[in-house]
2 protein chains.
Amino acid sequence: MATLGDLERAVMDLLWEHPEAITANALRDLLSQRPSGDGDGQESRPLAVTTVLTVLSRLEKKGLVERERSSRPHRYRAVTSRADHTAELMLEVLGSAPDREAVLARFIGTVSEGEAATLRKLLGRD
Amino acid sequence: MATLGDLERAVMDLLWEHPEAITANALRDLLSQRPSGDGDGQESRPLAVTTVLTVLSRLEKKGLVERERSSRPHRYRAVTSRADHTAELMLEVLGSAPDREAVLARFIGTVSEGEAATLRKLLGRD
DNA sequence: TGAAATTTCTACATTATGTAGAAGTCTAAG
DNA sequence: CTTAGACTTCTACATAATGTAGAAATTTCA
(Lines give C-alpha, C1' and ligand atoms only; values in the text may rest on other atoms or scores of the structure.)
Protein backbone atom coordinates (compact mmCIF):
# COMPACT_ATOMS: atom_id res chain seq x y z
CA MET A 1 0.00 0.00 0.00
CA ALA A 2 3.03 2.19 0.26
CA THR A 3 4.48 3.03 -3.13
CA LEU A 4 3.34 6.00 -5.16
CA GLY A 5 3.60 6.50 -8.89
CA ASP A 6 5.64 9.33 -10.37
CA LEU A 7 2.74 11.66 -10.83
CA GLU A 8 1.23 10.85 -7.47
CA ARG A 9 4.61 11.50 -5.97
CA ALA A 10 4.97 14.83 -7.74
CA VAL A 11 1.56 15.89 -6.51
CA MET A 12 2.34 14.88 -2.95
CA ASP A 13 5.62 16.78 -3.08
CA LEU A 14 3.79 19.92 -4.08
CA LEU A 15 1.16 19.46 -1.43
CA TRP A 16 3.84 18.92 1.15
CA GLU A 17 5.53 22.13 0.15
CA HIS A 18 2.25 24.01 0.41
CA PRO A 19 1.00 24.80 3.87
CA GLU A 20 -2.37 25.96 2.51
CA ALA A 21 -4.84 23.71 0.77
CA ILE A 22 -4.77 24.39 -2.97
CA THR A 23 -6.94 23.73 -5.99
CA ALA A 24 -6.43 21.19 -8.72
CA ASN A 25 -5.86 23.97 -11.20
CA ALA A 26 -3.14 25.50 -9.10
CA LEU A 27 -1.53 22.10 -8.84
CA ARG A 28 -1.68 21.59 -12.56
CA ASP A 29 0.11 24.90 -13.07
CA LEU A 30 2.78 24.05 -10.57
CA LEU A 31 3.23 20.66 -12.15
CA SER A 32 3.67 22.09 -15.63
CA GLN A 33 6.53 24.22 -14.38
CA ARG A 34 8.74 21.79 -12.55
CA PRO A 35 11.05 19.69 -14.72
CA SER A 36 9.69 16.19 -15.18
CA GLY A 37 12.44 14.46 -13.28
CA ASP A 38 14.57 13.03 -16.07
CA GLY A 39 17.42 15.15 -17.32
CA ASP A 40 15.82 15.69 -20.70
CA GLY A 41 15.18 19.40 -21.15
CA GLN A 42 11.85 18.60 -22.79
CA GLU A 43 9.45 21.24 -21.44
CA SER A 44 6.71 18.63 -21.77
CA ARG A 45 2.94 18.58 -21.68
CA PRO A 46 0.64 20.53 -19.44
CA LEU A 47 -1.55 17.92 -17.83
CA ALA A 48 -5.31 18.05 -18.17
CA VAL A 49 -7.00 19.16 -15.00
CA THR A 50 -9.02 15.96 -14.97
CA THR A 51 -5.78 14.06 -14.76
CA VAL A 52 -4.80 15.95 -11.66
CA LEU A 53 -8.27 15.46 -10.22
CA THR A 54 -8.08 11.73 -10.80
CA VAL A 55 -4.75 11.50 -9.06
CA LEU A 56 -6.02 13.58 -6.18
CA SER A 57 -9.03 11.32 -5.78
CA ARG A 58 -6.81 8.29 -5.68
CA LEU A 59 -4.54 9.90 -3.12
CA GLU A 60 -7.60 10.79 -1.08
CA LYS A 61 -8.75 7.18 -1.20
CA LYS A 62 -5.30 6.17 0.02
CA GLY A 63 -5.70 8.53 2.94
CA LEU A 64 -2.80 10.75 1.97
CA VAL A 65 -4.86 13.71 0.87
CA GLU A 66 -7.83 15.51 2.31
CA ARG A 67 -10.14 17.83 0.41
CA GLU A 68 -12.25 20.76 1.44
CA ARG A 69 -15.55 20.15 -0.26
CA SER A 70 -16.92 23.31 1.25
CA SER A 71 -15.03 25.83 -0.83
CA ARG A 72 -16.14 25.59 -4.39
CA PRO A 73 -13.17 24.83 -6.39
CA HIS A 74 -12.28 22.09 -3.93
CA ARG A 75 -9.01 22.58 -2.15
CA TYR A 76 -6.60 19.80 -1.32
CA ARG A 77 -4.00 19.37 1.35
CA ALA A 78 -1.69 16.59 2.50
CA VAL A 79 -2.97 14.77 5.56
CA THR A 80 0.45 14.23 7.09
CA SER A 81 3.79 15.97 6.70
CA ARG A 82 6.33 14.46 4.39
CA ALA A 83 8.57 13.65 7.32
CA ASP A 84 5.76 11.76 9.02
CA HIS A 85 4.88 9.95 5.86
CA THR A 86 8.45 8.95 5.21
CA ALA A 87 8.98 7.82 8.76
CA GLU A 88 5.83 5.72 8.51
CA LEU A 89 7.08 4.13 5.35
CA MET A 90 10.36 3.31 6.98
CA LEU A 91 8.58 1.73 9.90
CA GLU A 92 6.40 -0.22 7.55
CA VAL A 93 9.46 -1.62 5.85
CA LEU A 94 11.18 -2.33 9.11
CA GLY A 95 8.09 -3.79 10.69
CA SER A 96 7.90 -6.76 8.42
CA ALA A 97 11.36 -7.87 9.48
CA PRO A 98 11.70 -10.54 12.17
CA ASP A 99 15.23 -9.34 12.74
CA ARG A 100 14.66 -5.69 13.46
CA GLU A 101 17.83 -5.19 15.42
CA ALA A 102 19.98 -6.58 12.65
CA VAL A 103 18.27 -4.27 10.22
CA LEU A 104 18.81 -1.29 12.45
CA ALA A 105 22.47 -2.19 12.73
CA ARG A 106 22.90 -2.15 8.95
CA PHE A 107 20.86 0.99 8.77
CA ILE A 108 22.89 2.89 11.32
CA GLY A 109 26.07 1.87 9.59
CA THR A 110 25.07 4.00 6.65
CA VAL A 111 23.88 7.33 7.94
CA SER A 112 26.25 10.27 7.86
CA GLU A 113 28.21 11.36 10.91
CA GLY A 114 26.08 14.45 11.26
CA GLU A 115 22.96 12.39 11.26
CA ALA A 116 24.48 9.95 13.70
CA ALA A 117 25.04 12.88 16.01
CA THR A 118 21.44 13.90 15.62
CA LEU A 119 20.35 10.41 16.43
CA ARG A 120 22.48 10.31 19.57
CA LYS A 121 20.89 13.51 20.69
CA LEU A 122 17.41 12.20 19.98
CA LEU A 123 18.06 8.99 21.82
CA GLY A 124 19.39 10.70 24.87
CA ARG A 125 22.00 8.98 26.98
CA ASP A 126 20.05 7.27 29.74
CA MET B 1 12.23 -0.88 -7.91
CA ALA B 2 11.61 -1.75 -4.31
CA THR B 3 8.29 -3.45 -3.78
CA LEU B 4 7.79 -7.14 -4.18
CA GLY B 5 4.57 -8.96 -4.85
CA ASP B 6 3.16 -11.46 -2.38
CA LEU B 7 4.56 -14.50 -4.08
CA GLU B 8 7.90 -12.88 -4.73
CA ARG B 9 7.98 -11.93 -1.11
CA ALA B 10 7.15 -15.46 0.03
CA VAL B 11 9.91 -16.85 -2.14
CA MET B 12 12.43 -14.36 -0.82
CA ASP B 13 11.44 -15.17 2.75
CA LEU B 14 12.15 -18.82 2.13
CA LEU B 15 15.45 -18.11 0.45
CA TRP B 16 16.43 -15.87 3.32
CA GLU B 17 15.70 -18.63 5.77
CA HIS B 18 17.78 -21.06 3.78
CA PRO B 19 21.52 -20.75 4.01
CA GLU B 20 22.04 -23.22 1.17
CA ALA B 21 20.94 -22.63 -2.39
CA ILE B 22 17.84 -24.66 -3.15
CA THR B 23 15.93 -25.85 -6.18
CA ALA B 24 12.68 -24.55 -7.56
CA ASN B 25 10.99 -27.81 -6.68
CA ALA B 26 12.10 -27.58 -3.09
CA LEU B 27 10.78 -24.05 -2.99
CA ARG B 28 7.46 -25.11 -4.39
CA ASP B 29 7.14 -27.72 -1.67
CA LEU B 30 8.00 -25.25 1.04
CA LEU B 31 5.54 -22.77 -0.40
CA SER B 32 2.70 -25.28 -0.46
CA GLN B 33 3.17 -25.90 3.25
CA ARG B 34 3.21 -22.43 4.72
CA PRO B 35 -0.19 -20.80 5.25
CA SER B 36 -0.92 -18.29 2.53
CA GLY B 37 -0.89 -15.26 4.78
CA ASP B 38 -4.60 -14.53 5.19
CA GLY B 39 -6.34 -16.12 8.14
CA ASP B 40 -8.48 -18.35 5.95
CA GLY B 41 -7.64 -21.94 6.80
CA GLN B 42 -7.88 -22.83 3.12
CA GLU B 43 -5.01 -25.23 2.48
CA SER B 44 -4.85 -23.85 -1.04
CA ARG B 45 -3.24 -24.82 -4.29
CA PRO B 46 0.22 -26.23 -4.83
CA LEU B 47 1.85 -23.91 -7.33
CA ALA B 48 3.14 -25.20 -10.63
CA VAL B 49 6.89 -25.40 -10.72
CA THR B 50 6.94 -23.14 -13.75
CA THR B 51 5.30 -20.50 -11.66
CA VAL B 52 8.08 -20.68 -9.13
CA LEU B 53 10.64 -20.63 -11.92
CA THR B 54 9.11 -17.55 -13.43
CA VAL B 55 9.18 -15.74 -10.13
CA LEU B 56 12.77 -16.78 -9.55
CA SER B 57 13.78 -15.47 -12.95
CA ARG B 58 12.15 -12.16 -12.21
CA LEU B 59 13.86 -11.95 -8.84
CA GLU B 60 17.13 -12.78 -10.53
CA LYS B 61 16.61 -9.97 -13.01
CA LYS B 62 15.97 -7.66 -10.09
CA GLY B 63 19.27 -8.68 -8.60
CA LEU B 64 17.80 -10.23 -5.50
CA VAL B 65 18.47 -13.82 -6.41
CA GLU B 66 21.41 -15.67 -7.83
CA ARG B 67 21.32 -19.09 -9.45
CA GLU B 68 23.86 -21.84 -9.79
CA ARG B 69 23.59 -22.85 -13.38
CA SER B 70 26.29 -25.45 -12.88
CA SER B 71 24.32 -27.94 -10.85
CA ARG B 72 21.60 -29.43 -12.97
CA PRO B 73 18.44 -28.71 -11.24
CA HIS B 74 19.52 -25.09 -10.87
CA ARG B 75 19.83 -23.93 -7.33
CA TYR B 76 18.84 -20.51 -6.10
CA ARG B 77 19.99 -18.34 -3.25
CA ALA B 78 19.32 -14.82 -2.04
CA VAL B 79 22.05 -12.38 -2.99
CA THR B 80 21.82 -10.37 0.22
CA SER B 81 20.55 -11.13 3.69
CA ARG B 82 17.08 -10.03 4.62
CA ALA B 83 18.50 -7.55 7.09
CA ASP B 84 20.66 -5.98 4.39
CA HIS B 85 17.80 -5.88 1.99
CA THR B 86 15.47 -4.30 4.50
CA ALA B 87 18.06 -1.75 5.54
CA GLU B 88 18.60 -0.85 1.90
CA LEU B 89 14.89 -0.37 1.44
CA MET B 90 14.75 1.88 4.45
CA LEU B 91 17.61 3.95 3.13
CA GLU B 92 15.93 4.15 -0.22
CA VAL B 93 12.82 5.53 1.40
CA LEU B 94 14.79 7.92 3.56
CA GLY B 95 17.03 8.99 0.74
CA SER B 96 14.29 10.63 -1.24
CA ALA B 97 13.51 12.95 1.65
CA PRO B 98 14.97 16.46 1.64
CA ASP B 99 14.36 16.59 5.38
CA ARG B 100 16.20 13.51 6.52
CA GLU B 101 16.76 14.70 10.06
CA ALA B 102 13.09 15.39 10.59
CA VAL B 103 12.30 11.93 9.31
CA LEU B 104 14.83 10.34 11.60
CA ALA B 105 13.33 12.21 14.51
CA ARG B 106 9.87 10.78 13.81
CA PHE B 107 11.39 7.42 13.23
CA ILE B 108 13.31 7.30 16.48
CA GLY B 109 10.24 8.34 18.35
CA THR B 110 8.65 5.04 17.46
CA VAL B 111 11.15 2.30 18.13
CA SER B 112 10.91 0.35 21.36
CA GLU B 113 13.09 1.14 24.35
CA GLY B 114 15.07 -2.03 23.81
CA GLU B 115 15.79 -1.05 20.27
CA ALA B 116 16.66 2.46 21.31
CA ALA B 117 19.24 0.96 23.64
CA THR B 118 20.63 -1.07 20.78
CA LEU B 119 20.84 2.02 18.68
CA ARG B 120 22.71 3.92 21.38
CA LYS B 121 25.20 1.13 21.57
CA LEU B 122 25.64 1.07 17.83
CA LEU B 123 26.11 4.79 17.63
CA GLY B 124 28.71 4.84 20.35
CA ARG B 125 29.07 7.89 22.55
CA ASP B 126 31.91 9.74 20.88
C1' DT C 1 18.42 -43.23 -27.89
C1' DG C 2 14.40 -41.89 -25.73
C1' DA C 3 11.46 -40.85 -21.79
C1' DA C 4 11.45 -38.05 -17.85
C1' DA C 5 13.04 -33.97 -15.71
C1' DT C 6 14.21 -29.25 -16.26
C1' DT C 7 14.31 -24.81 -18.25
C1' DT C 8 12.74 -21.23 -21.30
C1' DC C 9 8.99 -19.06 -24.00
C1' DT C 10 4.77 -17.42 -24.49
C1' DA C 11 0.41 -16.06 -22.74
C1' DC C 12 -3.39 -14.52 -20.16
C1' DA C 13 -5.76 -12.31 -15.97
C1' DT C 14 -5.57 -8.73 -12.58
C1' DT C 15 -4.22 -4.52 -10.57
C1' DA C 16 -1.90 0.07 -10.27
C1' DT C 17 -1.00 4.13 -12.48
C1' DG C 18 -0.94 7.90 -16.14
C1' DT C 19 -3.87 10.10 -18.91
C1' DA C 20 -7.97 12.39 -20.37
C1' DG C 21 -12.69 12.84 -22.84
C1' DA C 22 -17.72 12.76 -21.84
C1' DA C 23 -21.22 13.65 -19.01
C1' DG C 24 -23.27 15.51 -14.97
C1' DT C 25 -23.52 19.40 -11.46
C1' DC C 26 -22.99 23.86 -9.57
C1' DT C 27 -22.38 28.95 -9.60
C1' DA C 28 -22.69 33.36 -10.85
C1' DA C 29 -23.96 36.78 -14.42
C1' DG C 30 -27.75 38.67 -16.49
C1' DC D 1 -34.97 32.22 -12.87
C1' DT D 2 -32.00 30.71 -16.61
C1' DT D 3 -28.03 29.21 -18.59
C1' DA D 4 -23.01 29.45 -20.09
C1' DG D 5 -18.88 28.38 -18.19
C1' DA D 6 -16.39 26.34 -14.39
C1' DC D 7 -15.92 22.31 -11.75
C1' DT D 8 -16.48 17.43 -10.53
C1' DT D 9 -17.43 12.75 -11.40
C1' DC D 10 -17.62 8.78 -14.61
C1' DT D 11 -15.87 6.10 -17.78
C1' DA D 12 -12.15 4.43 -20.55
C1' DC D 13 -7.92 3.16 -22.47
C1' DA D 14 -2.70 2.28 -22.44
C1' DT D 15 1.18 0.46 -20.04
C1' DA D 16 3.65 -2.04 -16.66
C1' DA D 17 4.06 -5.33 -12.71
C1' DT D 18 2.74 -9.54 -10.85
C1' DG D 19 0.48 -14.26 -10.34
C1' DT D 20 -0.14 -18.11 -12.79
C1' DA D 21 0.87 -21.82 -15.87
C1' DG D 22 0.80 -24.50 -20.50
C1' DA D 23 3.76 -25.38 -24.62
C1' DA D 24 8.03 -25.87 -26.47
C1' DA D 25 12.89 -26.58 -26.18
C1' DT D 26 16.75 -28.66 -23.82
C1' DT D 27 19.27 -31.76 -20.90
C1' DT D 28 20.17 -35.97 -18.50
C1' DC D 29 20.31 -40.57 -17.34
C1' DA D 30 18.78 -45.22 -17.66
Side-chain angles (χ1 to χ4, degrees), chain A residues 1-15 21-32 34-38 40 42 44-77 89 92, chain B residues 1-15 21-32 34-38 40 42 44-77 89 92:
Chain A
M1 201 228 119
T3 318
L4 298 181
D6 291 336
L7 183 52
E8 291 178 324
R9 181 76 198 175
V11 168
M12 285 311 298
D13 278 338
L14 287 173
L15 290 179
I22 56 181
T23 68
N25 269 296
L27 276 170
R28 189 220 36 218
D29 293 342
L30 291 171
L31 283 168
S32 66
R34 72 173 36 197
S36 27
D38 55 64
D40 197 334
Q42 220 41 89
S44 69
R45 63 324 87 119
L47 295 173
V49 181
T50 49
T51 299
V52 180
L53 264 303
T54 301
V55 168
L56 284 168
S57 291
R58 288 174 181 166
L59 290 171
E60 190 187 26
K61 192 177 315 177
K62 292 183 187 180
L64 296 182
V65 160
E66 207 170 48
R67 90 168 80 186
E68 283 173 16
R69 284 196 143 83
S70 47
S71 64
R72 206 32 196 22
H74 294 177
R75 284 168 181 284
Y76 303 79
R77 92 166 61 71
L89 272 193
E92 198 180 304
Chain B
M1 200 229 119
T3 318
L4 298 179
D6 292 337
L7 182 52
E8 292 178 324
R9 182 75 198 176
V11 167
M12 285 310 298
D13 278 339
L14 287 173
L15 290 178
I22 56 181
T23 69
N25 268 296
L27 277 171
R28 189 218 40 217
D29 293 342
L30 291 172
L31 283 169
S32 66
R34 72 173 37 198
S36 26
D38 56 65
D40 196 335
Q42 218 43 86
S44 68
R45 69 298 106 114
L47 295 173
V49 181
T50 50
T51 299
V52 180
L53 264 302
T54 300
V55 169
L56 284 168
S57 290
R58 288 174 182 167
L59 289 171
E60 190 187 27
K61 193 177 313 178
K62 292 183 187 181
L64 296 181
V65 160
E66 207 169 49
R67 89 168 80 184
E68 282 173 17
R69 284 197 143 84
S70 47
S71 63
R72 205 41 212 354
H74 293 177
R75 282 166 182 285
Y76 303 79
R77 93 166 58 71
L89 273 193
E92 199 179 304

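Every chain is numbered from 1, with letters handed out A, B, ... down the list of sequences.
At the phosphate of C:dT25, neither OP1 nor OP2 sits under 4.0 Å from any side-chain N or O atom of A:Arg69. Between B:Asn25 and the phosphate of C:dA5, there is no side-chain N or O to OP1/OP2 separation shorter than 4.0 Å. B:His74 has a side-chain polar atom (N or O) that falls below the 4.0 Å cut-off from OP1 or OP2 of C:dT7.
Remark: A:Asp6 engages no residue in a side-chain contact (heavy atoms from CB on, under 4.5 Å) (not counting sequence neighbours). With sequence neighbours excluded, the residues forming a side-chain contact (heavy atoms from CB on, under 4.5 Å) with A:Asn25 are A:Thr23, A:Arg28, A:Val49, listed by chain and number. Under the side-chain contact (heavy atoms from CB on, under 4.5 Å) criterion, B:Ser70 pairs with B:Glu68, sequence neighbours left out.
Note: CG (B:Leu27) to P (C:dT6) measures 13 Å, nearest angstrom. One interatomic measurement links the two molecules: CG of A:Leu56 to C1' of D:dT8, which rounds to 12 Å at whole-angstrom precision. Here the C1' atom of nucleotide D:dA6 and the CG atom of A:Leu53 are 12 Å apart, to the nearest Å. Atom CD in A:Glu68 sits about 16 Å away from atom C1' in D:dC7, given to the nearest Å.
Distance check, rounded to the nearest 0.5 Å: NE2 of B:His74 to CZ of B:Arg72 gives 4.5 Å. Here the CG-CG distance, from A:Leu15 to A:Leu64, works out to 10.0 Å after rounding to the nearest 0.5 Å.
Across all their heavy atoms, A:Ala21 and A:Arg75 have their closest contact at O-NH1, 3.4 Å. Across every non-hydrogen atom of A:Met12 and A:Leu4, the tightest pair is CG-CD1, 3.8 Å.
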Expected string for nucleotides 16-24 of chain C under the B/S/- scheme (protein heavy atoms, under 4.0 Å, primed atoms plus P, OP1, OP2 as sugar-phosphate) is -BBBBBB--
Review item, side-chain donor-acceptor pairs of residues 50-58 of chain B, under 3.5 Å, at least two apart:
residue, atom, partner, partner atom, Å
B:Thr54, OG1, B:Thr50, O, 2.9
B:Ser57, OG, B:Leu53, O, 3.2
B:Ser57, OG, B:Arg67, NH2, 3.4

Extract from the structure each pairing of a protein N or O with an N or O of nucleotides 28-30 of chain D at less than 3.5 Å, listing the distance.
none

